[in-house]
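First up is the structure itself, then whatever we jot down about it.
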Amino acid sequence: MTIHSHEVEASNFIKNIIEEDLKTGKHQVIITRFPPEPNGYLHIGHAKSICLNFGLAKEFDGICNLRFDDTNPEKETDEYVQSIKESIKWLGFNWDGEVKYASDYFDKLYEFAEFFIKQSLAYVCDLNADEMREYRGSLVTKGKDSPYRKRSVEENLNLFKQMREGEFADGAKTLRLKIDMASSNINLRDPVIYRIKRAHHIRTGDKWCIYPMYDYTHCISDALENITHSCCTLEFADHRPLYDWVIAHLVKANLLTSHPRQIEFSRLELQYTITSKRKLNQLVTDNLVSGWDDPRMPTISGMRRRGYNKEGVQLFAKRCGISKSPNIVDVSLLEASVREELENKAPRIMAVLNPLKVVLTNFDEYTASRSAGFHPQHAQLGERLVELTREIYIERDDFMLDPISGWQRLTANSEVRLRHSYVIKCDELIKDATGNIVELRCSIDKNTLGKNPEGRKVKGVIHWVSVTNAIEAQVRLYDRLFTEAEPDRVNGKDFKEFINPHSLTIVKGYIEPVIISSNAEDCYQFERLGYFVADRCDHDSSSNKYVFNKTVGLKDTWKK
RNA sequence: AGGGGAGUCGCCAAGUGGUAAGGCAUCGGAUUUUGAUUCCGACAUUCGCAGGUUCGAUCCCUGCCUCCCCUGCCA
């Protein structure tokens, strides 16, 4: 947890509302909720919402529920329920009491539907989908009343009962609220609140063949849970009048005691990625990624596998803020947050991903090795011996035959510091038949272990690894999944056209032997390369399987 | 065109009748056996545009412009 004193947490309009409600005594305690539909994995946008809802409860000493909005059995699975729970817990939040499900309220919802029928505020409609669309009107034209709108209470009660009992085919009838077909708000043009759908439900099995719709279910579920502040994204603002309409009638009839307040905020958009469950699902089903937890996915499980830690994701959410304005956040904000939370925790070790062999020609039995700290600022992370051997690998990128100006790494006849070891000088280049440099012959300045050379300054420091004792590992280098900052907003093109062909590169890496005892999800900084994490699924040091994912590179301010 | 929402630095985002917080990014400079970190410093005479009210407006009023969402028996 990094809370910088200079980084004042911005207030936001939702907090202002809550503070006011607490101050005026409208509420003694606030209750929020995170209400996912279990039809996919949670992504970065949900992470923002989770941090908001659970964060609000934490900050104001309130309560936050987890409630699955499971009203559409055709799309919902238990796999998704499990993954969602796991993602929330991993992010560091705990819901209050038992997990709730909208389906817990199906009986109540049915009862209330009968109430609306009895009030003559709901009716069974026989219009099919096409007809209903036609009767609904358009954005600019009013709708017209359904011919079934005037059915008697008795008939409606009976028909609704028969709907529940399976007397009618799927889609043959719906139960609709009787509001206003002429409303300029289409959500108020007699919205359907129950449809017939013979689908197996993850919780209620085959008990029901009619299922309530979101608009009807969500507000009632909120009220039943005494939610005080129901935060959702902007596209639901148009639904608020319906939310309030349903609740107000039920409260007036004493069937409900609380009237939650729906508050909308803008959803998070992140550059070079997509946050649409439907589209993410497409990437998975089309095998364009390895799964929902592919490290390139903006899903919580993907970010976790990528090595993003929960503190980093939380910091990111905090820095994004909450507002109602459209926003497309820079990836640099996410990456900076993740780096910042890894900086003080990740042990530093050395790894070479693109090796160039170096032979230390004057290496002998008196050549010493040093013990090096795992972190330059935090000695408590411990240290290990970094053993120098006659043959080492350095990064190919750290040698340049014709160095560009400002180059401070290795070049012919120049010196460089081997991190945690001696200063070496490149004396000779070995080339293969085609002229490629395949090896460097260097000499050690034996008077430079743990001290600066005398009479000159060697600025460059490069990382290296021993040829004889480095451990080979598979290293997966990740880049952004899309080549386009807004892949789903390019005129008439499918977002899949912009998948970055280089978003995954797999290389063989040579890493310090300390990783033989590493566990899955251990994070390291490979010095000068970036942060890496032992893959959650494939890394298994007990069977000598070393697999690391690149989490994020180090900041690189060197301008070439 | 009807309804809803939004326009404050490259990206987020506070503020609100009294003269523009903060973060990310960027650019300088110091320290550094990671060109990392850390540390200092710079970075909106201006708040979509045009009028008006006012001693004074990003904030109030009027008009305009731009963007997003809404016509599932999805959520």
Can you tell me the pairing partner of [N] across any strand shown, Watson-Crick or G-U wobble, with both distances under 3.5 angstrom?
N     : answer
B/U37 : none
B/G17 : none
B/A42 : B/U26
B/G51 : B/C61
B/U31 : none

Looking only at N and O atoms, is any donor in the side chain of [X] or the base of [N] less than 3.5 Å from an acceptor on the other one?
X      : N     : result
A/R417 : B/U33 : yes
A/Q377 : B/U38 : no
A/E343 : B/U37 : no
A/R339 : B/U37 : no
A/R409 : B/G35 : yes

For the aromatic rings, using the six-membered ring if either is Trp, is the centroid distance between A/F160 and A/Y110 under 6.0 Å?
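Aromatic pair counts; centres sit under 6.0 Å.
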
Just compare [options] and give me whichever is closest to any side-chain atom of [X].
X      : options             : answer
A/W558 : B/C24, B/G35, B/G7  : B/G35
A/K324 : B/U34, B/A6, B/C24  : B/A6
A/S11  : B/U33, B/C12, B/G15 : B/G15

How many whole angstroms separate atom [atom1] of [X] from atom [atom2] of [N]?
X      : N     : atom1 : atom2 : value
A/E335 : B/C11 : CD    : C1'   : 13 Å
A/N12  : B/A13 : CG    : C1'   : 10 Å
A/L554 : B/U32 : CG    : C1'   : 14 Å
A/R267 : B/G5  : CZ    : P     : 18 Å
A/E527 : B/U32 : CD    : P     : 17 Å
A/I322 : B/A14 : CD1   : P     : 9 Å
A/Q525 : B/G35 : CD    : C1'   : 13 Å

Look at atom CD of A/E165 and say whether more than 12 heavy atoms of other residues, nucleotides or ligands are closer to it than 6.0 Å.
yes

Can you tell whether the side chains of [X] and [Y] come within less than 4.0 Å, N to carboxylate O?
X      : Y      : result
A/R67  : A/E225 : yes
A/E512 : A/R384 : yes
A/D445 : A/K425 : no

State whether the side chain of A/T77 and the backbone N or O of A/Y80 hold a donor-acceptor pair below 3.5 Å, judged by distance alone.
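Present.
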
Does a donor on one side chain and an acceptor on the other come within less than 3.5 Å for A/Y41 and A/E79?
yes

Do A/H218 and A/Y214 pass the ring pair (Phe, Tyr, Trp, His ring centres under 6.0 Å) test, and can you show the C-alpha distance, the side-chain angles, and the key distance before you say yes or no?
CA-CA 6 Å; A/H218 199 86; A/Y214 166 84; 4.9 Å; yes

Using the P atom on both, measure B/C12 against B/U71 and round to a whole Å.
26 Å

Does the protein touch nucleotides 66-75 of chain B at the base, only the backbone, or not at all? Give it as B, S and - per nucleotide, heavy atoms under 4.0 Å.
---BBBSBSB

